[in-house]
Amino acid sequence: MERLMTWNYRVVRGDAGLRIHDVYYDADGNPVSRHEMPTYVYGDTIEELRSQLMLMLEALDEPAIDQEAFDVPASPPSDR
């Protein structure tokens with residue numbers, strides 16, 4: 001059975017400091033991509049805003065991910 005890619009909010013450390021981003025993980029739980037722009041709080045109700053903020057607060061309990069983890073260049077094509 002194929003596992004779906006998961007995501008959560010994580011703190012990403014880059015040149016501009018610390019920012020919270022949506023980070024996506026592969027089937028083994030390794031971070032593989034993120035939204036280019038930091039996330040922001042949005043919603044139609046106060047409860048939706050509260051829920052999103054609670055998820056963002058959880059990101060503060062995890063280690064920050066260095067921006068370079070997402071800037072890995074693609075492997076060159078094989079000659080084989």
Determine, step by step, whether Arg34 and Arg10 satisfy the side chain to side chain contact (heavy atoms under 4.5 Å, CB included) criterion, reporting the C-alpha distance in whole Å, the side-chain angles of both residues, the deciding distance to 0.1 Å, and the verdict.
CA-CA 9 Å; Arg34 63 163 180 85; Arg10 287 291 294 271; over 6 Å; no
Can we call the ring centroids of Tyr24 and His35 under 6.0 Å apart?
yes
Taking side chain as C-beta onward, heavy atoms only, is Val11 less than 4.5 Å from Ile65?
no
Using a 3.5 Å distance criterion without hydrogens, assess whether the side chain of Asp66 forms a donor-acceptor pair with backbone atoms of Glu68.
no
Any side-chain heavy-atom pair of Glu58 and Asn8 under 4.5 Å
no
Sub-4.5 Å side-chain heavy-atom contact between Tyr40 and Ile20
no
Decide yes or no for Arg13 and Arg19: does some side-chain heavy atom of the first lie under 4.5 Å from some side-chain heavy atom of the second?
no
So do the side chains of Arg50 and Thr45 get within less than 4.5 Å of each other, counting heavy atoms only?
no
Separation between OG (Ser51) and CD1 (Ile46), nearest 0.5 Å, reads 11.5 Å
Which atoms form the tightest heavy-atom contact between Ala59 and Tyr9, and what is the distance?
CB-O, 3.2 Å
Note, Val23 side chain near Phe70 side chain (heavy atom, < 4.5 Å):
yes
What I'd like to find out is whether the side chain of Leu18 reaches to under 4.5 Å of the side chain of Val12, using heavy atoms alone.
no
Please walk me through it: do Val41 and Met56 pass side chain to side chain contact (heavy atoms under 4.5 Å, CB included)?
CA-CA 9 Å; Val41 181; Met56 288 180 181; 3.9 Å; yes
Please report the shortest heavy-atom distance between Gly43 and Leu49, naming the atom on each side.
N-CD2, 3.6 Å
Counting neighbours of CD on Glu47 that are heavy atoms of other residues, nucleotides or ligands and sit closer than 6.0 Å, is the number greater than 12?
yes
Any donor-acceptor N or O pair under 3.5 Å, side chains Glu48, Tyr42
no
